[in-house]
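Lettering of chains follows the sequences in order, A, B, ..., and the numbering in each one begins at 1.
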2 protein chains.
Amino acid sequence: MSSIKDVAILAGVAVGTVSRVINKSGAVKPATRRKVEEAIQELNYVPNEIARNFKMRKSKMVALMLPSIWHPFFSELAYYIEDELDLEGYKLMLCNSGGKPEKELYYLEMLQQNKVAGIVGITYNDIENNVSNDIPIVSIDRHFNKKITCVTSDNYEGGRLALRELVKAGARKPAFIGSVTSVYSETMNRREGFIQEAKTMGVEYVVYEKPDPVEDDDAYFDELLKEHHDVDGVFAITDIFAAKYIERAGRQGIRVPEDVKVIGYDGIQDHPYFHPLLSTIRQPVEEMARMTIRLLYEKIEGKDLEQQVYRLPVTFRQGETT
Amino acid sequence: MSSIKDVAILAGVAVGTVSRVINKSGAVKPATRRKVEEAIQELNYVPNEIARNFKMRKSKMVALMLPSIWHPFFSELAYYIEDELDLEGYKLMLCNSGGKPEKELYYLEMLQQNKVAGIVGITYNDIENNVSNDIPIVSIDRHFNKKITCVTSDNYEGGRLALRELVKAGARKPAFIGSVTSVYSETMNRREGFIQEAKTMGVEYVVYEKPDPVEDDDAYFDELLKEHHDVDGVFAITDIFAAKYIERAGRQGIRVPEDVKVIGYDGIQDHPYFHPLLSTIRQPVEEMARMTIRLLYEKIEGKDLEQQVYRLPVTFRQGETT
DNA sequence: AAAAAATATTGAAACGTTTCCAATTTGGTG
DNA sequence: CACCAAATTGGAAACGTTTCAATATTTTTT
């Protein structure tokens, strides 16, 4: 593998000059430029990006840390994040934490050692104190405090919207179901919006939560179905959670949407090939991804951001479950 | 940010000694080790991995290049690949090529500049000639020639299995449907196996392919349905393709599995929440991912591999479409 | 207790760039 | 033609590590 030095020798110039040609920095005479370019051609020279990063003390690598890329919501998110990063020549490093605290910390440490330019974090733990100040972070759906900017969908409005849609679809006693994740999770506002709107509209409602991590899903759902057989509407904290409910309810002969209307949250199915097509509160995934990266850029450039939390509007997508 | 030099000064030793403490290479007296460790503590020192990579002229970064992480099969694959890489302290860089030749080449060039330790490629183009010899590559489902090792499922046997299962489920005139991707794609063997088995069993069959890239899916399926209304079994080249077919057929009043039995390939649904649950030829995704990485390790270590292509066995998963 | 052997440590070079200052060349002007 | 400013180029330091030969220290052997 030839280096900039080899190029310089072959072209009969100094390494500094080659560097200037490559980076188009500073002035070089057309004749010199040509000589250098020929040498580069001949030697098949490619700049060593690692040496560059080392010298410049910065890299164009951004890490995305999330529980699991396997999850459809995250893989869609990752898709757009990579796309947006590539526009500016940034690269994406993928870290599956499994949501485990120790793995999150382990990755954080590693990322620090690798001097990544920035981190996009979807974590279960408060990583605020485990990260040095010189590495910009934008989090999705988790709001710790002002050091880490948060991008999320408008969970509160989403909750209100879900309640209204359930009522509109005919539900008289809707329930919010979900698993409690982190206290820092913005997703908990889905519940708050739901409750608030139910109170405002004077609708009877139920909140039935399950502590995370999952112990026994089936038991949870069975208990729910037994204790609240008069529930005729369900707003689930995620689409997957909604799908699980429908599956379990179906086994007990409860039909959706005839007996119970169901609304999820996320909007993971982009193809209408599998059924039931969930009625859901659709997050603007692409927008969230792109905004996250653009905010991260601002932080990388040292700018201060106006807001701590950026909430993007959600929409209701009518499916077959309401 | 403090460097190894700062640590050396504070501990009153040479930088080489600190290096040996950090890397547990060479001998150091317990007393010295303690001094150094204290200094590291005090300064909050973390080794600069970039400087290390630079000096060692190698990194622990492996790139995964695929059409789109959004696709459920790839995101499952990526999940296991990341997991296996992490076991050995390797990191994963994710590159969505969109299957576009120019983007694949662009990424390849970039990866070369970044001196990644290896590449896992799921490409649409023959990248054999666009990659320098000193960067190990393992490809999934694409077999070019001996330079690039290929890991794939046993597509041929999968095709035979699908044909047999269709017949077993009652199909008299099964069809293979799919889009033609690359000539290098091992996935084309799904068709070959299907055809071979049909001939062996003396079953009438149809092959109906659509050139890639996708122009108009709907038109393709409509034509298929019109021209071959006597087809009563379908083996689709992927699960998604199968799902599309079912959707389109359903609109024309064709019921699955009553009128037509359908079998897909991949096994993407890990949760039985959405229907129809496809009958499918399930690829051993986890095994494929882990084997790919282990083979890549061997190549990184300079070992020669025994085979050019590694085919892993598939299984039939009974769903609701046969 | 001296010599030999084993163990620890130091110090400097090297990795491939960028950048900055100084030196040189070029081109224009009077 | 001499001079000056601007343009171009050269050369070397610096980035933070690892590694290796050389030196220093400790332990073992006789």
#### Entry: Nearest to side-chain heavy atoms of A14(B), which nucleotide of dG16(C), dT10(C), dT17(D)
dT10(C)
### Query
For the pair made of CD1 in I50(A) and P in dT18(D), what is the distance, rounded to whole Å?
14 Å
### Side-chain touch T123(B)/S139(B), heavy atoms, less than 4.5 angstrom
no
### Message
Testing I69(B), L64(B), I140(B) one by one against L77(B) for a side chain to side chain contact (heavy atoms under 4.5 Å, CB included), which residue passes?
### Response
I140(B)
### Message
Please determine whether a side-chain nitrogen or oxygen atom of S19(A) lies at a distance below 4.0 Å from atom OP1 or OP2 of dT18(C).
### Response
yes
### Query
Please give, in whole Å, the distance from dT8(D) C1' to K35(A) NZ?
12 Å
### Query
OP1 or OP2 of dC15(D) less than 4.0 angstrom from a side-chain nitrogen or oxygen of N48(B), does that happen here?
no
### Message
Strictly below 4.0 Å: does T17(A) bring a side-chain N or O up to OP1 or OP2 of dG10(D)?
### Response
yes
### Task
Considering only NZ, NE, NH1 and NH2 on the basic side and carboxylate oxygens on the acidic side, decide whether R34(A) and E37(A) come within less than 4.0 Å.
no
### Query
CD1 of I4(A) versus P of dG11(D): gap in Å, rounded?
15 Å
### Message
Classify the ring geometry of F54(A) against F54(B): parallel below 30°, tilted from 30° to 60°, perpendicular beyond 60°.
### Response
parallel
### Summary
Of V28(B) and A51(B), the one whose nearest nucleotide on DNA chain C sits closer to the 5' end is V28(B)
### Message
I need the CG-P distance between N23(A) and dT8(D), as an integer number of Å.
### Response
17 Å
### Message
Base, sugar-phosphate or nothing for S3(A)? Non-hydrogen atoms, less than 4.0 Å.
### Response
sugar-phosphate
### Query
Given atom CG of N114(B) and atom C1' of dG16(C), what is their separation to the nearest angstrom?
14 Å
### Message
Base of dT17(D), side chain of K55(B) - is there a donor-acceptor contact under 3.5 Å?
### Response
no
### Message
In whole Å, I'd like the distance from the NZ atom of K58(A) to the C1' atom of dG16(D).
### Response
17 Å
### Task
Please figure out whether V46(B) or R33(A) has its closest DNA chain D nucleotide nearer the 5' end.
R33(A)
### Query
Side chains of F74(B) and P72(B): closer than 4.5 Å at any heavy-atom pair?
no
### Whole-Å distance separating the CD1 atom of I40(B) from the C1' atom of dT17(D)
13 Å
### Task
Please determine, for the side chain of K29(B), which listed nucleotide (dG10(D), dT18(D), dA8(C)) has the closest atom?
dA8(C)
### Query
Between dA14(C) atom P and M56(B) atom CE, what is the distance in whole Å?
18 Å
### Message
Do N114(B) and M61(B) make a side-chain contact, defined as non-hydrogen atoms from C-beta onward lying under 4.5 Å apart?
### Response
no
### Task
Using a heavy-atom cut-off of under 4.0 Å over every strand shown, decide if N53(B) touches base, sugar-phosphate, or nothing.
nothing
## Note on the structure
From the candidates dT18(C), dT17(D), dT9(D), the one with an atom nearest any side-chain atom of R20(A) is dT9(D)
### Task
Give one of base, sugar-phosphate or nothing for T32(B), where a contact means two heavy atoms less than 4.0 Å apart.
sugar-phosphate
### Message
Is F54(B) stacked against the base of dT17(D), taking the criterion as centroid distance under 5.5 angstrom and interplanar angle under 30°?
### Response
no
